[in-house]
Amino acid sequence: MSWRSEQIWIELIPGSRKGSNFVWAFILFFGSLEFLLVGTSSYLSRSVIYFFPQGVVMTFYGILGLFISFYLWSMLFWNVGGGYDQFDKKGGVICLFRWVFPGRNRRILLQFFIKDIRAIRIEVKEGFYTRRVLYMDIRGQKVIPLTRTDEIWTPVEIEKRAAELASFLCVPIEIL
């Protein structure tokens with residue numbers, strides 16, 4: 001989702017709050033709860049499986065699954081990777097903001113001048129795992145990705161987005 005005027009372009013980044021992550025967190029939580037329940041019931045001799053070795057393995061997988069599920073739910077709660085990209089032609093500044101895990105550096109804010117941008121880059125890797133990523137090439141810095149690597153873009157979509165951004169910022173496009 002994005003908002004755009006003649007001078008400012010703000011692009012919202014969803015981060016980890018995607019529907020598929022919610023589905024996997026639910027499946028993992030309830031699946032690991034079932035494994036833990038079966039392992040515990042086998043320990044209490046109320047199940048058709050023996051505690052050693054099947055019950056031990058089921059309990060281990062249940063506990064491991066709960067830890068992974070807790071990690072996924074914490075990522076969703078804190079919206080890790082979420083934020084926004086703000087391109088301000090009037091102020092001549094680009095702000096890239098992202099949320100990460102809690103701690104001293106929970107907020108990541110990168111600011112650059114528009115005049116320091118050399119080009120908007122499109123990286124295309126075809127093959128079994130096709131990847132199309134949009135980068136911003138800045139003088140004196142490494143290239144900064146503007147799209148997530150797990151997003152699947154068609155060639156037309158990535159070219160359109162790169163052309164819109166390059167024309168908005170008045171910079172050239174490079175294709176790698």
Side-chain angles (χ1 to χ4, degrees), residues 1-5 8-37 59-88 91 93-114 116-155 157-162 164-166 168-169 176:
M1 183 166 70
S2 66
W3 179 83
R4 186 175 172 183
S5 72
I8 296 176
W9 182 349
I10 299 175
E11 180 114 12
L12 297 177
I13 309 297
S16 62
R17 290 189 181 165
K18 297 187 305 183
S20 63
N21 287 347
F22 280 103
V23 169
W24 282 112
F26 271 113
I27 289 172
L28 193 59
F29 177 73
F30 288 116
S32 61
L33 215 54
E34 285 293 321
F35 271 79
L36 193 60
L37 183 67
T59 305
F60 172 74
Y61 283 150
I63 292 170
L64 185 67
L66 284 177
F67 279 119
I68 295 171
S69 170
F70 176 72
Y71 170 75
L72 281 175
W73 281 112
S74 62
M75 278 184 52
L76 291 168
F77 178 74
W78 289 311
N79 194 21
V80 173
Y84 64 87
D85 297 341
Q86 178 180 342
F87 306 97
D88 184 5
V93 177
I94 295 173
C95 296
L96 306 173
F97 177 80
R98 298 291 183 276
W99 290 106
V100 295
F101 278 108
R104 177 184 289 161
N105 300 324
R106 168 118 165 85
R107 299 179 198 112
I108 295 177
L109 179 64
L110 302 174
Q111 292 183 329
F112 305 102
F113 292 111
I114 291 178
D116 291 338
I117 298 174
R118 283 195 286 194
I120 299 296
R121 264 190 204 170
I122 302 173
E123 180 185 75
V124 179
K125 289 189 178 179
E126 299 292 336
F128 181 70
Y129 180 65
T130 302
R131 192 174 89 161
R132 296 177 187 94
V133 183
L134 194 63
Y135 292 101
M136 189 169 46
D137 189 7
I138 300 174
R139 282 185 195 92
Q141 303 282 333
K142 292 183 176 182
V143 292
I144 297 173
L146 295 176
T147 57
R148 295 191 331 235
T149 56
D150 64 342
E151 289 180 313
I152 300 171
W153 294 84
T154 64
E157 289 174 335
I158 196 84
E159 288 174 8
K160 181 181 176 192
R161 181 151 182 224
E164 287 176 352
L165 187 58
F168 182 78
L169 297 173
L176 300 175

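The structure displayed is predicted, hence computed values, not measured ones.
Heavy atoms from other residues, nucleotides or ligands lying under 6.0 Å from CZ of Arg139 number more than 12. Other residues, nucleotides and ligands contribute only 12 or fewer heavy atoms inside 6.0 Å of the CZ atom of Phe113. Atom CZ of Phe97 is surrounded by more than 12 heavy atoms from other residues, nucleotides or ligands within 6.0 Å.
Residues Phe112 and Leu96 are in side-chain contact: their nearest non-hydrogen atoms beyond the backbone lie under 4.5 Å apart. The shortest side-chain heavy-atom distance between Leu66 and Phe29 falls under the 4.5 Å cut-off. Between Arg161 and Arg132 the shortest side-chain heavy-atom distance does not fall below 4.5 Å. No side-chain heavy atom of Tyr135 sits under 4.5 Å from any side-chain heavy atom of Leu176. Residues Val23 and Lys18 form no side-chain contact, since every pair of their non-hydrogen atoms from C-beta on lies 4.5 Å or further apart.
When every heavy atom of Ser16 is checked against every heavy atom of Asn21, the shortest pair comes out as O-ND2, 2.7 Å. The nearest pair of heavy atoms linking Leu28 to Ser69 is CD2-N, 3.7 Å. Residue Ile108 comes nearest to Asn105 through the heavy atom pair CG1-O, 4.4 Å, listed as atom of the first residue, atom of the second, then distance. Considering all non-hydrogen atoms of both residues, Leu134 and Thr147 come closest at N-OG1, 3.0 Å. Summarising the geometry of Val133 relative to Ile158, their closest heavy-atom pair is C-CD1, 4.3 Å, with the distance given to 0.1 Å. The heavy-atom pair separating Ala162 from Ile120 by the smallest distance is CB-CG2, 4.2 Å.
To the nearest 0.5 angstrom, Ile117 atom CD1 is 5.0 Å from Leu169 atom CG. From Leu36, atom CG reaches atom CD1 of Ile63 across 5.5 Å, with rounding to the nearest 0.5 Å. Interatomic distance, Trp9 CH2 to Phe168 CZ, rounded to the nearest 0.5 Å: 7.0 Å. Atoms CZ and CD1, from Arg4 and Ile10 in turn, are 12.5 Å apart once rounded to the nearest 0.5 Å. Interatomic distance, Gln141 CD to Asp137 CG, rounded to the nearest 0.5 Å: 10.5 Å. Interatomic distance, Phe22 CZ to Leu72 CG, rounded to the nearest 0.5 Å: 10.5 Å.
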Pair Ile8-Trp3, side-chain contact (heavy atoms from CB on, under 4.5 Å): steps then yes or no: CA-CA 8 Å; Ile8 296 176; Trp3 179 83; 4.0 Å; yes
Trace of the side-chain contact (heavy atoms from CB on, under 4.5 Å) decision for Ile13 with Asp85: CA-CA 8 Å; Ile13 309 297; Asp85 297 341; 3.9 Å; yes
side-chain contact (heavy atoms from CB on, under 4.5 Å) between Leu165 and Leu146, intermediate numbers included: CA-CA 11 Å; Leu165 187 58; Leu146 295 176; 3.4 Å; yes
Intermediate values then yes/no, side-chain contact (heavy atoms from CB on, under 4.5 Å), Leu109 and Cys95: CA-CA 7 Å; Leu109 179 64; Cys95 296; 4.2 Å; yes
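Not a single donor-acceptor pair under 3.5 Å links the side chain of Arg98 to the backbone N or O of Gly82. With hydrogens and angles disregarded, a donor-acceptor distance shorter than 3.5 Å links the side chain of Arg17 to the backbone of Phe77. In terms of modelled atom types and a separation under 3.5 Å, the side chain of Arg121 and the main chain of Met136 share no donor-acceptor contact.
Taking the six-membered ring for Trp and the full ring otherwise, Trp99 and Phe101 have centroids separated by 6.0 Å or more. Within the 6.0 Å centre-distance limit, the rings of Trp73 and Phe26 are counted as a close aromatic pair.
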